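Report on the following structure.
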Amino acid sequence: MAKPNLSTNKSKELFERAKKVIPGGVNSPVRAFEPYPFFVNHAKGSKLYGVDGETYTDYCMAYGALLMGHANSDVRRAVEEQLPKGTLYGVPTELEIKFAEQISKVSPCVEMLRVVNSGTEATMHALRVARGFTGRKKIIKFEGGFHGAHDSVLVKAGSGATTFGTPTSLGIPGETTQNTIVLPYNSPEALEETVKREGNEIAAVIVEPVMGNAGLILPKNEYLSYLRKLTKEYGIVLIFDEIITGFRLALGGAQEHYNIKPDMATLGKVLGGGFPIAAFGGRKEIMQNISPSGKVYQAGTFSGNPVSATAAYAVLQILRQKKKEIYPKLEKNSQELKKALVDLASNHHVDAQVYNIASMFQIFFTSQPVYDYTSAKLSDIKKFQAYFHELLKQGVFIPPAQFETCFLSTAHTEDDLKNTISAFDKALHAASTVNRSA
Ligand SMILES: Cc1ncc(COP(=O)(O)O)c(C=O)c1O
């Protein structure tokens, strides 16, 4: 495996330059890490190629957006054919209908949908529609759940918000979040108590069915079905935020994997094959409240643009045609990496919890099982950092923070896995040499 050039001077220089004109030197906080992030020259398949000539096997995969690896040739060909025909029309296309028809075929709860440009937009609009539909104000989210960087959900949020110590952001007036109730994930008791007390005022519950922004946290048995039952009983709109899990846990996302039909779902990341596109959809009765057929306003100049829609349509075609080989193989590979991490952690006498599902996996440096945000935060961050930096040195790039998830793609090869496992060995040795942080 090509190891990174240990001197990454060019990246260092670029970061210094970036910090002068871009806050923190990055356009999204999760991209920053100590002492400085490497800068990318280009990417292909499972690899990122740095500006200093180094190569990394990538398990960040643009935070889960690239299920088929970097620069997938089918997606690229489709986009190249579209480019000369125009990139933005401002009037409808047949492609938008074909696209919506395909999504409603594969995504169980989606009878109608709107296309947007990012997951943040999708969750923001889904919540507005749920409030418009029910005429209620309050929403429930879960600690460590991340639903994009908009006001009503940026409370006890995971991902970069947790990593950088600002799970509740400045700049958001208390009035804006006073209708956001935050509960621990995986606690049917907390849910029941709140819903029984104020269920008639709650418009929506928004949940990452598998949490991917507080590390990787799996739902306990029956938790999601209980959530479904209780929300139905109280007329609360259940929104599965499938920005990560959509098209990743299965073609029909977590809805298909767990056989649970929420009222609405948000989709993004994998969908665009690397292009910016997302969607929110659900039951017709709810979605037809959107303007111009209803009174909930939602709009976007770039929504459904033919470039992103073409890329996403190509992704959907590939996944539909190859789902029987793609999903089992990804699951097998993540199982192999998980087993290696468990065995190596034990060899190196490192307390660790390792979780995987489909093409996602993550390690926590703690002796206790992780089932919610509080237990995730028990992970030893210093050990995680030692593990991360040693992996980087070995030419393996994972998301640089504990409160993220690692992603496999169809582009990862047997050789990649083999080399990654030897890098894990060195990284867990490095973690074992770190004293537990206070
Ligand atoms: C579950 C979830 N919802 C929403 C978002 C926001 O998506 P975007 O970054 O495309 O705005 C993310 C982003 O990581 C996410 O993981």
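These numbers come from a predicted model, not from an experiment. As the structure lists them, so they are numbered: ligands from 1, and atoms in each ligand from 1.
At least one side-chain heavy atom of Met360 sits less than 4.5 Å from a side-chain heavy atom of Leu249.
Every residue meeting the side chain to side chain contact (heavy atoms under 4.5 Å, CB included) condition with His42, not counting sequence neighbours, appears here in chain and number order: Tyr49. For Asp263, the salt bridge (charged side-chain N to carboxylate O under 4.0 Å, His left out) partners at least two apart in sequence or on another chain are Arg228, Arg283.
If you run side-chain contact (heavy atoms from CB on, under 4.5 Å) between Lys98 and each of Glu96, Glu94, Gln102, only Glu94 comes through.
In the model, Tyr56 has a side-chain atom that pairs as donor or acceptor with a side-chain atom of Glu54 under 3.5 Å.
For ligand 1, the protein residues placed under 4.0 Å by at least one non-hydrogen atom are Ser118, Gly119, Thr120, Phe146, His147, Gly148, Glu208, Asn213, Asp241, Ile243, Ile244, Lys269.
Counting only residues at least two apart or in different chains, side chain to side chain donor-acceptor pair (under 3.5 Å) contacts with residues 123-137 comprise Thr123-His150.
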